[in-house]
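Just below is one structure, and these are the notes that go with it.
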Amino acid sequence: MSPDTAANSYRLGPDERGHFGLYGGRYVAETLMPLIREVGAAYEEAKNDPAFHEEMGRFHKHYTGRPSPLYFAERLTAHLGGAKIYFKRDELNHTGSHKINNCLGQILLARRMGKTRIIAETGAGQHGVAAATVCARFDLPCTVYMGSVDIDRQAPNVFRMRLLGAEVRAVESGSRTLKDALNEALRDWVANVHDTFYIIGTAAGPAPYPEMVRDFQCVIGDEARSQIAEAEGRLPDTVVACIGGGSNAIGLFHPFLDDPDVRIVGVEAAGHGLESGEHAASLTGGSPGVLHGNRTYLLQNDDGQITDAHSISAGLDYPGIGPEHAWLKDAGRAEYMSATDAEALEAFQLCARLEGIIPALEPAHALAWVIRTAPDLPRDHILVMNMCGRGDKDVFSVGEALGIEL
Amino acid sequence: MSRIAARFEALRKADRAAFMPFVSGGDPDFDTSLAILRGLAKAGADLFEIGISFTDPMADGPTVQAGGARALAAGMTTKRVLDLVRAFRSEDDEMPIVLMGYFNPIYRYGAERFAVDAKAAGVDGLITVDLPPEEEDELRGPVERAGLDIVRLVAPTTDEERLPFVLERASGFVYYVSIAGITGTRSPTMADVQFAVDRLRRFTDLPVAVGFGINTAEQASAVARIADGAVVGSALVREIGAGGPDMLDRVNGLARELAGGVAGART
Ligand SMILES: Cc1ncc(COP(=O)(O)O)c(C=O)c1O
């Protein structure tokens with residue numbers, strides 16, 4: 001799919017079968033197929049129901065804390081001496097990241113569908129916490145699948161989920177990280193199709209999830225668009241976000257896709273470096289394949305076996321990427337860069353000292369690209385970065401990486 | 001006539017169902033796996049389902065996952081699974097062989113090349129778990145040109161509105177997934193199996209095999225009274241996984257029991 005030339009738009013995807021060009025689709029076992037189609041139909045209906053949006057808007061205002069501010073990072077801008085840097089502050093959302101935007105939308109849909117049990121997967125634990133949060137609020141039982149490796153490195157979030165009443169199930173299969181948590185959640189879903197709704201945490205999975213999650217996250221870009229217009233009287237020159245599965249990024253990007261003068265940059269996790277082979281950069285270092293219900297770029301070997309991702313950030317440690325990003329990459333509308341563990345750690349500390357904001361390790365990757373790039377840009381270049389999560393959850397792993405005993 | 005059609009035809013005439021064991025190709029390693037296949041054939045298997053392992057088998061429970069992981073650890077690849085089929089085929093030209101797996105390894109291999117190579121190796125049919133009819137176009141052409149059957153899965157969740165759409169694209173036989181769930185976890189009730197198979201027969205003349213959750217000779221026998229084939233995977237794979245010097249004997253022993261249960265079911 002090149003941009004629909006008649007409408008000249010990058011914002012029309014996916015097609016009715018859930019494809020973004022070559023990517024996306026519904027690659028699931030027959031047992032799930034009828035159910036996935038049911039979710040698709042229910043979402044189609046909800047999307048066109050003003051009452052659905054009104055309820056979501058109400059919760060966003062009073063529960064999530066939206067709109068999140070668009071903040072001019074003055075000291076960082078002065079320090080780097082180039083582009084004018086704004087943060088879209090989704091780290092101020094209830095639960096500390098953009099994940100709540102999506103969970104709120106999906107749980108309202110689950111309720112509409114009459115589902116009585118929620119499952120979710122999580123890597124960093126941010127999505128798990130957001131899912132557990134909305135489940136507490138709407139009084140639905142919640143089971144969160146989490147790789148045992150991630151349970152070890154994100155202990156505070158595990159405890160938060162339990163406080164919120166969720167059951168956290170440790171996943172011991174495969175590499176025991178996010179991709180395996182997703183497998184296990186899909187297996188649970190297959191076995192409990194009658195009453196269970198699966199809240200997927202990123203813009204991946206089988207259709208309609210990539211589209212649905214994107215739509216729920218577009219509140220980020222929609223707000224940013226009007227906020228920057230108010231602050232600067234024009235569109236930004238560059239928008240940038242980190243990429244795990246791609247949900248915060250597509251939420252920021254999508255409302256700008258049809259503004260050809262806006263440069264769009266996604267930043268993947270380069271781990272120990274792209275050449276080391278230990279990274280999570282599926283777009284920059286992967287190839288097309290089929291995993292978790294959709295076709296997209298994957299980290300895989302020549303035999304089509306999925307290889308382990310590596311990143312200091314558990315939230316980016318995923319060997320796939322949402323299919324819409326795969327399409328945007330091939331279409332050339334968005335650029336995909338990467339930042340290493342070490343660069344993210346630097347950015348993490350710099351942001352804390354200069355702006356009084358401790359970023360999550362995930363957006364610290366986007367920030368690392370900003371730090372690398374902004375000095376060479378003119379002072380009137382406006383750059384909007386999604387500060388999609390706060391770093392409280394990461395202080396232990398950062399301490400460890402810096403060799404500091406906490 | 002294809003090997004699959006010939007086998008089901010012969011069994012129909014003999015008024016008995018097929019015993020269809022599933023093992024991952026190369027579990028626990030290439031040579032042992034070949035020995036296991038030979039043993040299964042001798043024990044009375046009527047059709048083989050051989051798994052192409054995948055790192056992320058979303059429809060499989062812990063037992064089959066572990067079998068696949070053993071095969072991958074032993075260096076199995078899609079090509080080596082075809083080698084395994086070729087090795088078995090050189091000794092047995094009649095056993096129908098269906099490969100079962102997930103799409104990504106096939107996609108990476110190249111659908112066209114895979115279909116041609118699989119046919120040449122002696123494969124008869126293909127089950128691609130995560131490739132529903134909606135997404136199968138890129139594989140269907142090559143597979144049909146090569147002359148392989150596309151075996152379709154039907155699940156308890158597949159309703160009557162959807163059934164014709166799925167069955168229209170099926171050949172060889174239909175694989176009824178007897179539980180809404182993953183392999184090796186629960187077992188169906190025979191009343192449910194009866195109901196589902198009766199329903200399927202109203203929509204198709206293809207043989208109907210039933211799998212997922214069949215672990216014992218009694219269960220296999222009960223299924224064999226209802227359907228045209230009983231698939232047993234996890235119970236066999238569990239024995240392979242338990243290992244030990246008598247592993248082959250135990251696998252063969254279990255296979256003989258299961259085959260006996262199926263063969264004697266209707267007498
Ligand atoms: C704060 C934060 N940012 C980003 C991500 C990555 O996800 P996505 O790419 O879907 O935004 C995560 C995932 O856990 C996260 O917690």
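Chain letters run A, B, ... following the sequence lines, proteins first, then strands; residues in each count from 1.
Chain A forms the most heavy-atom pairs under 4.5 Å with one residue out of I106(B), I179(B), T128(B), L153(B), and that residue is L153(B). Options L131(B), D60(B), D159(B) differ in how many heavy-atom pairs under 4.5 Å they form with chain A, and the most are formed by D60(B). Taking L32(A), D303(A), L182(A), L291(A) one by one and counting their heavy-atom pairs under 4.5 Å with chain B, the maximum is reached by D303(A). If you tally non-hydrogen atom pairs under 4.5 Å between each of A191(A), S287(A), P288(A) and chain B, the highest count goes to A191(A). Interface summary for chain B: among N192(A), V193(A), D302(A), the most heavy-atom pairs under 4.5 angstrom belong to D302(A). Across K79(B), E161(B), E138(B), the residue that shares the most heavy-atom pairs under 4.5 angstrom with chain A is E138(B).
Within the 4.5 angstrom heavy-atom criterion, atoms from both the backbone and the side chain of A180(B) approach chain A. Using a 4.5 Å cut-off between heavy atoms, L72(B) contacts chain A through its side chain alone, with no backbone atom that close. With a 4.5 angstrom heavy-atom cutoff, R152(B) does not touch chain A via any of its atoms. For V177(B), the part lying near chain A is the side chain, with the backbone staying farther off; criterion is any non-hydrogen pair under 4.5 Å. Looking at P57(B), both its backbone and its side chain come within 4.5 Å of chain A, counting heavy atoms on both sides. Proximity to chain A is limited to the side chain of F103(B), based on heavy atoms less than 4.5 angstrom apart. With a 4.5 Å cut-off on non-hydrogen atoms, S53(B) touches chain A through its backbone but not through its side chain. Interface remark: P206(A) contributes no atoms to any contact with chain B (heavy atom separation under 4.5 Å). Heavy atoms closer than 4.5 Å to chain A are found in the backbone of V154(B), but not in its side chain. Interface remark: L298(A) contributes side-chain atoms only to the contact with chain B (heavy atom separation under 4.5 Å). With a threshold of 4.5 angstrom between heavy atoms, N301(A) approaches chain B through N, CA, C or O but not through any side-chain atom.
In terms of heavy atoms, S173(A) sits closest to Q65(B) at CB-OE1, 3.4 Å. Closest heavy-atom contact between T55(B) and Q305(A): N-OE1, 2.9 Å. For the pair Y27(A) and P132(B), the tightest heavy-atom approach, listed with the atom from each and the gap, is CA-CD, 4.1 Å.
Interatomic distance, OH of Y102(B) versus CD1 of I306(A), reported as 12.5 Å (0.5 Å rounding).
Between R162(B) and E30(A) there is a salt bridge, since at least one side-chain N of the basic residue sits less than 4.0 Å from a carboxylate O of the acidic one.
The neighbour count for D195(A) CG, taken as heavy atoms of other residues, nucleotides or ligands under 6.0 Å away, is above 12. For CZ of F195(B), the number of neighbouring non-hydrogen atoms (other residues, nucleotides, ligands) closer than 6.0 Å is 12 at most.
The backbone N or O of V290(A) lies less than 3.5 Å from a partner atom in the side chain of N104(B), making a donor-acceptor pair. Between the side chain of R108(B) and the backbone N or O of Q300(A), no donor-acceptor pair lies under 3.5 Å.
Each of R26(A), M33(A), R295(A) was compared with E135(B) under the side-chain contact (heavy atoms from CB on, under 4.5 Å) criterion, and only R26(A) meets it.
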